[in-house]
Amino acid sequence: MTKLVALLLLSLLAYAAVASTEMQQREAQQCQLRKISTSKPSHRMRSQGGVTEIWDPEEDQFQCAGFAPMRDTIQTNSLSLPKFFSAPRLVYIEQGRGVMGVSYPGCPETYHNDQQFSRDRGQGQRGMSGDQHQKVHRIRRGDVIAVPAGAAHWCYNDGNEELIAVSVLDLNNQANQLDQNLRGFMLAGGQSSHGQERYERASRRYAGQSERSHEETFQNIFRGFDEELMAEAFNVPRETVRRMRQDSNRGLIVKCREDMRIMSPDQEEEEQSESSPRDGLEETFCNMKIKQNIELQRETGVYTKQGGRINIANQQKLPILQFIDMSAERGHLMPNALYTPHWSMTDNRVVYALRGELNAQVVDERGNTIMNERVRQGDMFVIPQFYATLMRAGNNGFEWVSFKSSSQPIKSPMAGSISVMRAMPIDVISNAYQISPREAEQLKMNRDPQSMLLSPTRTSS
């Protein structure tokens, strides 16, 4: 009996070892990229109040990085319905303004005003006790917003133009203990799979490869619960529960019947509150700043007069990023300027083109050029960790935002005042490349005092 148990344990250990090896091999294969190309959204879902576009997370470059990119276009007076994801989400506001709510369990309802509620909602509802809710945030173009995994959130466009929000979910993040499938848990509405056809494939390139369609990814989770139990849980009539469960063919973004009036701080008040010093004890998860504007010139982290500028949102500037282990970068290259050749020591990156054109080159560990393409507005591409890259703006310059899988990203530049060349002795450079000491000195010093962004010395072809 003892021998049988021992043999059984050995068999289980052997099976576990084989399974672990197979899993490691599958994970290793995810980043054996032979080519990186610019990418457009492959799925497009129309809703009553806007459009949701999704880049296919099973595309090789996104699977390598573990990223699931999305873009929401929200019409005026429209609401992107409450939802949560299984992975942390970093959002960049490309256009427009609005308000956004991110709910955390156990955090206080800091906004309540009975008089305001009664005055706004009219005489017919005076008997109601008033509205109370957690803090909402006013958002605008250039803002980066951090949304932790599992945090319910919504967005309302109260501006006079479409609100465009580009976001990336980090499916490889340790907060996601499920798998690399994109999972959006809708708390209202949902993507209807029948009736009027609202789901379109923008590209057939990946048709048949996904085990789950994005139609199935965005469904109302309340429809899976028993109606009677739901009514008892909320202590409301069953008719209310029926309304909660249905998707009503409105999709993920809905038109509001009238302008919503949500109690929120104005922009100036919120900025003053966020810039006020904190002593560490006061900075709890509930009142942490969740957004930072990375388009403002006063927030520039890297600047070269004829090269351009870079604004960075990392854990120093936005401490909540430490909890989701992500960060963002907003860059502007002047015409024909270069982003110095470099590699990232800490993170995978996905780059989204905002304006202009760029020649992007990426090289793997074998010296193979796996990307050499012209990048244009709306394009997206991945730069894997440690892969070397070099970028040059077109004749009209280039603007971008990149999302990173580290809250404290570190780059290692190859040229410029903080580069690996600058850190090496001249004799090492001279012998490594079989050049004269004079040539080695030029290679080391000719870009002083520029660092990451290099001014052009010749015109782009």
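Checked against side-chain contact (heavy atoms from CB on, under 4.5 Å), Ala149 has the following partners two or more places apart in sequence or in another chain: Pro88, Ala175. Taking the side-chain hydrogen bond (donor to acceptor under 3.5 Å, both in side chains) definition, one finds that Arg243 meets it with nothing, sequence neighbours left out. For Val236, the side-chain contact (heavy atoms from CB on, under 4.5 Å) partners are Phe234, Thr240, Val241, not counting sequence neighbours. Residues passing the ring-ring contact (aromatic ring centres under 6.0 Å, His included) test with Tyr339 are His342, Trp400, sequence neighbours excluded. Under the side-chain hydrogen bond (donor to acceptor under 3.5 Å, both in side chains) criterion, Lys40 pairs with Asp379, sequence neighbours left out. In this view, Leu338 and Leu390, Arg392, Leu454 satisfy the side-chain contact (heavy atoms from CB on, under 4.5 Å) rule, not counting sequence neighbours. Asn396 pairs by the side-chain hydrogen bond (donor to acceptor under 3.5 Å, both in side chains) definition with nothing, not counting sequence neighbours. Scored by the side-chain contact (heavy atoms from CB on, under 4.5 Å) test, Leu354 finds Tyr92, Glu94, Arg330, Tyr352, Glu399, Val401 as partners (sequence neighbours excluded). The side-chain hydrogen bond (donor to acceptor under 3.5 Å, both in side chains) check on Asn314 picks up nothing, with sequence neighbours excluded. Scored by the ring-ring contact (aromatic ring centres under 6.0 Å, His included) test, Tyr387 finds no partners at all (sequence neighbours excluded).
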Handout entry: Stepwise side chain to side chain contact (heavy atoms under 4.5 Å, CB included) test for Ser405 and Asn172
Key = CA-CA 9 Å; Ser405 60; Asn172 277 344; over 6 Å; no
Exercise for the section: Tell me, with the steps shown, if Asn359 and Arg374 meet side chain to side chain contact (heavy atoms under 4.5 Å, CB included). Expected result: CA-CA 5 Å; Asn359 176 234; Arg374 203 72 172 174; 3.7 Å; yes
Practice task
Could you give me the CA-CA distance, side-chain angles and deciding distance for Gln408 and Ser327, then say whether side-chain hydrogen bond (donor to acceptor under 3.5 Å, both in side chains) is met?
Solution key: CA-CA 7 Å; Gln408 188 60 38; Ser327 57; over 6 Å; no
Exercise for the section: Decide yes or no on side chain to side chain contact (heavy atoms under 4.5 Å, CB included) for Ser344 and Ile410, but give the supporting numbers first. Expected result: CA-CA 6 Å; Ser344 173; Ile410 300 174; over 6 Å; no
Problem - Stepwise side chain to side chain contact (heavy atoms under 4.5 Å, CB included) test for Leu81 and Met186 - result: CA-CA 8 Å; Leu81 291 169; Met186 300 299 300; 4.0 Å; yes
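The ring of Phe62 has its center no closer than 6.0 angstrom to the ring center of Phe67.
Within the structure, the salt bridge (charged side-chain N to carboxylate O under 4.0 Å, His left out) test picks out no pair touching residues 301-316 (sequence neighbours left out). The salt bridge (charged side-chain N to carboxylate O under 4.0 Å, His left out) analysis of residues 75-92, with sequence neighbours excluded, yields the pairs Asp72-Arg89.
Nearest heavy atom pair, residue Arg223 against residue Asn220, reads CG-O, 3.0 Å. The nearest pair of heavy atoms linking His153 to Val147 is ND1-CG1, 3.4 Å. The shortest non-hydrogen separation linking Thr73 to Ile253 is O-CD1, 3.8 Å. Shortest non-hydrogen contact noted between Thr38 and Phe381 is CA-CB, 4.4 Å. Minimum interatomic distance between Tyr104 and Ala151 (heavy atoms only, all atoms of both residues): CE2-CB, 4.4 Å. Here the closest non-hydrogen pair linking Gln180 and Leu171 is O-CD1, 2.9 Å.
Between Asp143 and Gln292, the side chains place no donor N or O within less than 3.5 Å of an acceptor N or O (distance only, hydrogens not considered). In the model, Ser37 has a side-chain atom that pairs as donor or acceptor with a side-chain atom of Glu373 under 3.5 Å. Donor-acceptor pairing under 3.5 Å is lacking for the side chains of Asn372 and Thr369. Between the side chains of Ser39 and Gln61, not a single donor N or O lies within less than 3.5 Å of an accepting N or O.
In this structure, Ser80 contributes its side chain and Trp154 its backbone to no donor-acceptor pair below 3.5 Å. Of the possible donor and acceptor atoms, one in the side chain of Asn157 sits under 3.5 Å from a partner among the backbone N and O of Ile74. Side-chain atoms of Lys255 come within 3.5 Å of backbone atoms of Thr76 as a donor-acceptor pair (strictly under, hydrogens ignored). Proximity of a side-chain donor or acceptor of Asp226 to a complementary backbone N or O of Glu228 within less than 3.5 Å is detected. Although no hydrogens or angles enter the test, the distance criterion places no donor-acceptor pair under 3.5 Å between the side chain of Gln361 and the main chain of Met371.
In this structure, the separation between OG on Ser86 and CG on Asp179 is 7.5 Å, given to the nearest 0.5 Å. Of the inter-residue distances, the one linking Asn311 atom CG with Ile294 atom CD1 reads 7.0 Å to the nearest 0.5 angstrom. Atom NZ of Lys317 sits about 6.0 Å away from atom CD1 of Ile312, to the nearest 0.5 Å. Taking OG1 of Thr52 as the reference point, atom CZ of Arg44 lies at 10.0 Å (rounded to 0.5 Å). To the nearest 0.5 Å, atom CE of residue Met391 and atom CG of residue Leu333 are 7.0 Å apart. In this structure, CG on Leu252 lies 12.0 Å from CD on Gln48, to the nearest 0.5 angstrom.
Side chains of Ile54 and Pro41 form no contact here, defined as non-hydrogen atoms less than 4.5 Å apart. In this structure the side chain of Trp55 never reaches within 4.5 angstrom of the side chain of Met70, judged on heavy atoms. With a 4.5 Å cut-off on side-chain heavy atoms, Phe225 and Met244 do not count as touching. The shortest side-chain heavy-atom distance between Arg34 and Asp60 does not fall under the 4.5 Å cut-off. Side chains of Tyr156 and Asn77 form a contact here, defined as non-hydrogen atoms less than 4.5 Å apart. The side-chain heavy atoms of Ile164 and Arg71, taken from C-beta on, include a pair separated by under 4.5 Å. Side-chain contact between Phe403 and Val166 is present, with heavy atoms from C-beta onward closer than 4.5 Å. Contact of the Ile324 side chain with the Leu90 side chain is registered, since non-hydrogen atoms from C-beta on lie closer than 4.5 Å.
Atom CD of Glu161 has more than 12 heavy atoms from other residues, nucleotides or ligands within 6.0 Å. Residue Arg141 qualifies as open at atom CZ: its count of foreign heavy atoms under 6.0 Å is 12 or below.
A salt bridge links Glu329 with Lys411: at least one charged nitrogen is closer than 4.0 Å to a carboxylate oxygen. The pair Asp158-Arg138 counts as a salt bridge, with a side-chain nitrogen and a carboxylate oxygen less than 4.0 angstrom apart.
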